[in-house]
Structures are given as structure tokens and as C-alpha cells.
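These notes concern the structure reproduced below.
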Amino acid sequence: AGDALLSLFSAEAENGALAVNVGTEFSITEGERYSMEFVSAERTAVVREGVHLYEFHYKNAGGSPVIVYAAEIKANSGCTLAAATVNDGYEVGNNLSQTVLGMAEAAQANGKNVMCAVNSGFFALSGNKQPEGVVVKDGQVLYQGSGVYTREWWGLTKSGEIVFGEYYDLYIDNDPKKGFRDDLQQATAGNHLLWLEGEEVEIIDSDTALLGANPRSCFLVRENGDIVIFVADGRYEGSAGLTMEEEQEIARRMGAYSALNLDGGGSSQLVLPTGENGALEVVNRPLGAASDSSGHRMVADGILVLFPG
């Protein structure tokens with residue numbers, strides 16, 4: 001457990017020693033490199049070989065607690081990625097929405113072996129639930145995204161490569177007039193790339209509320225092909241949420257080579273088969289609600305981690 005968890009921390013602090021005490025539960029004290037103070041971490045579940053769930057506790061610069069739940073999917077786990085949709089179907093918008101748990105259960109009912117699921121794109125919450133960004137599922141382009149919102153995205157190519165891009169990267173030569181790229185097998189959107197191929201991406205947004213402390217969802221890959229999907233609880237006493245800059249920092253600390261901020265707030269829901277007898281369940285507390293609450297937000301799309309067979 002210790003070795004698996006320590007793989008999430010790839011570098012020593014620049015301005016202080018890294019002290020590690022490994023046990024069933026253990027703490028890591030880092031130097032002054034980071035704004036978020038690390039408090040504790042625990043591996044809470046082994047879903048299968050190479051798929052682990054962790055719970056991290058931090059304090060922000062103001063001293064408020066933040067809880068982060070992270071699913072780590074090793075590159076050699078045998079898992080693959082897919083877009084999650086309402087009832088595992090091939091239509092988006094048209095007032096279609098479902099909780100992340102509902103999407104995962106629908107995929108499982110269709111014979112898919114769901115290892116993890118998380119919400120993904122921003123959407124018309126008070127309107128027709130139309131996604132604001134791209135949705136590609138099993139090679140079918142369900143929605144190309146909107147040139148009004150120009151949402152960033154991740155994708156799985158037909159050759160098996162995980163890619164990240166800005167809105168116009170979805171088009172041949174970055175030109176919508178030349179047509180949509182034809183190499184994507186799966187894709188969903190977020191809002192703001194945090195890291196891209198090892199480089200920090202500057203975060204600029206006129207919507208200051210979007211940049212402030214909120215529940216967060218993040219999808220990232222490491223340079224070695226590992227995937228980490230994490231959510232930060234927020235807006236309740238036990239967890240303050242993350243600013244987008246804090247999310248960017250946590251992504252780096254978890255080894256991000258490329259990382260995408262997903263929809264947050266009440267949409268942030270992380271699902272794994274960690275319930276009784278391997279049942280799918282929400283492992284975080286969206287907006288402080290209990291994990292078995294029926295009041296979780298219904299969303300337009302998400303991301304599935306699947307194990308073949």
C-alpha cells in the first residue's frame with residue numbers, strides 16, 4: 001500500500017525535506033513548494049490489480065480542510081476509457097440527463113465492466129441539458145461542441161492514444177470549415193486544461209466564480225500512461241473545495257503530464273464498485289450529501305473506466 005500511494009508523489013519538495021512514515025495509515029510532510037498543506041492519505045480500496053482508490057486530506061492556505069478522492073488506474077491495468085451517457089445511449093441534449101451512478105449502472109447493465117466513472121462536460125443545467133463541449137462515443141460523434149463555449153477536451157484515439165486539446169484541435173488544421181477529425185473513438189469535454197504534455201497551462205477566465213473554491217473533478221494522465229481521476233468535495237464544513245489554481249497544484253502533485261478540469265460543483269461525482277458485493281457507489285460526498293443520496297445532480301455526460309471481459 002505504501003509503495004502504491006507514494007507513486008502519487010513523484011518529487012521531493014524544493015524548499016524542505018520530504019518526511020514519510022509508512023503504515024496502514026500514514027502521513028507525508030512536504031516542504032514549502034506547495035500552497036496546500038498535506039495532512040494525510042489512505043488507500044481505501046483495491047478495485048482490482050492496478051485500480052486503487054485513495055482518500056487525501058489537505059488544508060488550504062486559510063487553514064480550511066479539503067478532502068480529495070482519487071482513483072488511480074495504472075497503465076498496465078488492462079483498463080480502457082469510454083464516454084458515459086444517459087442510459088449508455090447514443091444521444092445527448094434533448095433534456096437527457098442522469099446521475100453519474102445511473103450512467104455507470106446503465107453501462108454495467110449493458111455488459112460493461114465499470115471500474116470507475118466520473119462526470120465530465122459542462123452543460124445547460126437549467127435548459128435542455130445540451131453539452132457545451134464535444135461528446136464522441138464508440139467512434140460516433142454525438143456532439144461536436146459549441147464554438148460559443150470552445151470547451152477543452154480529452155479523447156481516446158482509434159489507435160488507443162489518450163490525447164488532450166483545445167476546442168479547435170477537434171477540426172482538421174484547426175479549421176471547422178475543413179471538417180471534424182476522424183480519429184477519435186471516445187471524447188468528452190471539460191473547461192480549462194491545467195497541464196499539457198508536461199507544461200503548466202495558464203488559467204485565465206473572466207468568470208471569477210469559476211476560478212474560486214468549488215467542488216472539483218479532474219481527469220489526468222501521467223507520462224507513463226497511468227490515469228488519475230480525482231474529485232474534491234466542497235461547499236460544506238468538512239471540505240472547502242479547491243480553487244482552480246489549487247486543483248492545478250494537486251494535479252501536479254499526483255503526477256500530471258496532461259490534465260483537464262471537468263465540470264464541478266454539484267456535478268462532481270466519483271463512482272467505483274466499492275459497495276457491498278462490488279456494487280457501484282458514489283465514493284465522495286457531492287455538496288456534502290451522503291454517498292447514497294438520491295438527490296445527486298443529473299449530468300449530461302461523463303467518463304467511464306472499463307475492464308474488458
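The figures here come from the full heavy-atom set of this structure, side chains too, leaving out hydrogens, waters and symmetry mates. Just so it is clear, the model here is predicted, and its values are computed rather than measured.
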Subject >> From CA spacing to verdict: side-chain contact (heavy atoms from CB on, under 4.5 Å), N214, R235 >> reply: CA-CA 7 Å; N214 289 292; R235 299 183 192 167; 2.8 Å; yes

**OP:** Go through the steps to decide whether V114 and L306 satisfy the test side-chain contact (heavy atoms from CB on, under 4.5 Å), and finish with yes or no.
**Re:** CA-CA 5 Å; V114 179; L306 305 175; 3.9 Å; yes

Would you say [Y] ends up clustered with [X] if hydrophobic residues are merged whenever their side chains have heavy atoms under 4.5 Å apart, either directly or through other cluster members?
{"X": "L125", "Y": "V100", "answer": "yes"}
{"X": "L260", "Y": "L270", "answer": "yes"}
{"X": "L193", "Y": "L156", "answer": "yes"}
{"X": "V282", "Y": "V86", "answer": "yes"}
{"X": "L242", "Y": "L220", "answer": "yes"}

Which heavy atom of [X] sits nearest a heavy atom of [Y], and at what distance?
{"X": "G50", "Y": "S77", "answer": "O-CB, 3.8 Å"}
{"X": "T188", "Y": "A83", "answer": "CG2-CB, 3.8 Å"}
{"X": "V271", "Y": "A104", "answer": "CG1-CB, 4.1 Å"}
{"X": "A189", "Y": "S120", "answer": "O-OG, 2.8 Å"}
{"X": "A41", "Y": "F38", "answer": "CB-CZ, 3.6 Å"}
{"X": "V92", "Y": "L142", "answer": "CG2-O, 3.9 Å"}

Does one side chain, of [X] or [Y], offer a donor that lies under 3.5 Å from an acceptor on the other?
{"X": "T274", "Y": "E281", "answer": "yes"}
{"X": "Q186", "Y": "D138", "answer": "yes"}
{"X": "T99", "Y": "Q269", "answer": "no"}

**OP:** Just do the side-chain contact (heavy atoms from CB on, under 4.5 Å) check on C116 and V47 with the steps written out, would you?
**Re:** CA-CA 9 Å; C116 179; V47 177; over 6 Å; no

Between the side chain of [X] and the main-chain N/O of [Y], is any donor-acceptor distance below 3.5 Å?
{"X": "K158", "Y": "D182", "value": "yes"}
{"X": "N174", "Y": "Y168", "value": "yes"}
{"X": "D233", "Y": "R285", "value": "yes"}
{"X": "D173", "Y": "D175", "value": "no"}
{"X": "Q98", "Y": "N87", "value": "yes"}
{"X": "R216", "Y": "G234", "value": "no"}

Donor-acceptor pairs under 3.5 Å, side chain of residues 60-71 to any protein atom, not counting sequence neighbours: which ones?
residue: N60; atom: OD1; partner: G62; partner atom: N; Å: 3.0
residue: N60; atom: OD1; partner: G63; partner atom: N; Å: 3.1
residue: N60; atom: OD1; partner: S64; partner atom: N; Å: 2.9

Subject >> Selection residues 178-219 - residue pairs positive for ring-ring contact (aromatic ring centres under 6.0 Å, His included), sequence neighbours left out >> reply: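 Qualifying pairs, neighbours excluded: W154-F219, F164-F219, Y171-F180.
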
**OP:** Sort and list the pairs that fulfil ring-ring contact (aromatic ring centres under 6.0 Å, His included) and have at least one residue in residues 98-143, not counting sequence neighbours.
**Re:**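 Sorted pair list comes back empty.
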
**OP:** Determine, stepwise, if the pair L194 / V201 fulfils side-chain contact (heavy atoms from CB on, under 4.5 Å).
**Re:** CA-CA 5 Å; L194 304 175; V201 178; 5.9 Å; no

With sequence neighbours left out, what residues match [X] under side chain to side chain contact (heavy atoms under 4.5 Å, CB included)?
{"X": "A75", "answer": "D226"}
{"X": "S159", "answer": "T157, E161"}
{"X": "L211", "answer": "I203, D205, M244"}

Hey, could you give me the [atom1]/[atom2] distance between [X] and [Y], rounded to the nearest 0.5 Å?
{"X": "T80", "Y": "I73", "atom1": "OG1", "atom2": "CD1", "answer": "11.5 Å"}
{"X": "E105", "Y": "L280", "atom1": "CD", "atom2": "CG", "answer": "6.0 Å"}
{"X": "C79", "Y": "E49", "atom1": "SG", "atom2": "CD", "answer": "10.5 Å"}
{"X": "E200", "Y": "E245", "atom1": "CD", "atom2": "CD", "answer": "8.0 Å"}
{"X": "R48", "Y": "N113", "atom1": "CZ", "atom2": "CG", "answer": "7.5 Å"}
{"X": "I250", "Y": "S35", "atom1": "CD1", "atom2": "OG", "answer": "7.5 Å"}

Sub-4.5 Å side-chain heavy-atom contact between [X] and [Y]:
{"X": "R253", "Y": "Y58", "result": "yes"}
{"X": "V305", "Y": "V51", "result": "no"}
{"X": "I303", "Y": "L262", "result": "yes"}
{"X": "E202", "Y": "Q248", "result": "no"}
{"X": "P215", "Y": "L287", "result": "yes"}
{"X": "V299", "Y": "M103", "result": "yes"}
{"X": "T85", "Y": "E91", "result": "no"}
{"X": "V163", "Y": "L184", "result": "yes"}

Can you list every salt bridge (charged side-chain N to carboxylate O under 4.0 Å, His left out) pair that touches [range], not counting sequence neighbours?
{"range": "residues 93-102", "value": "none"}
{"range": "residues 77-88", "value": "D88-K112, D88-K137"}
{"range": "residues 52-65", "value": "none"}
{"range": "residues 296-309", "value": "none"}

Subject >> Pairing of E72 and R43 as salt bridge, 4.0 angstrom limit >> reply: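 Answer for the salt bridge query: no.
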
Original post:
Can we say R181 and D183 salt-bridge, meaning some charged N sits less than 4.0 Å from an Asp/Glu carboxylate O?
Top reply: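 Looking at R181 and D183, the cut-off is met.
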
**OP:** Return yes when atom CD of E166 has more than 12 non-hydrogen atoms of other residues, nucleotides or ligands closer than 6.0 Å, and no otherwise.
**Re:**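 No, the 6.0 Å shell around CD holds no more than 12 heavy atoms from other groups.
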
**OP:** Any pair with a residue in residues 254-266 that passes side-chain hydrogen bond (donor to acceptor under 3.5 Å, both in side chains), sequence neighbours left out, goes on the list, sorted by first then second residue, please.
**Re:**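 Pairs touching residues 254-266 that pass the test: D263-S267.
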
Subject >> Pairing residues for N191 by the side chain to side chain donor-acceptor pair (under 3.5 Å) criterion, not counting sequence neighbours >> reply: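 N191: side chain to side chain donor-acceptor pair (under 3.5 Å) contacts with R151.
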
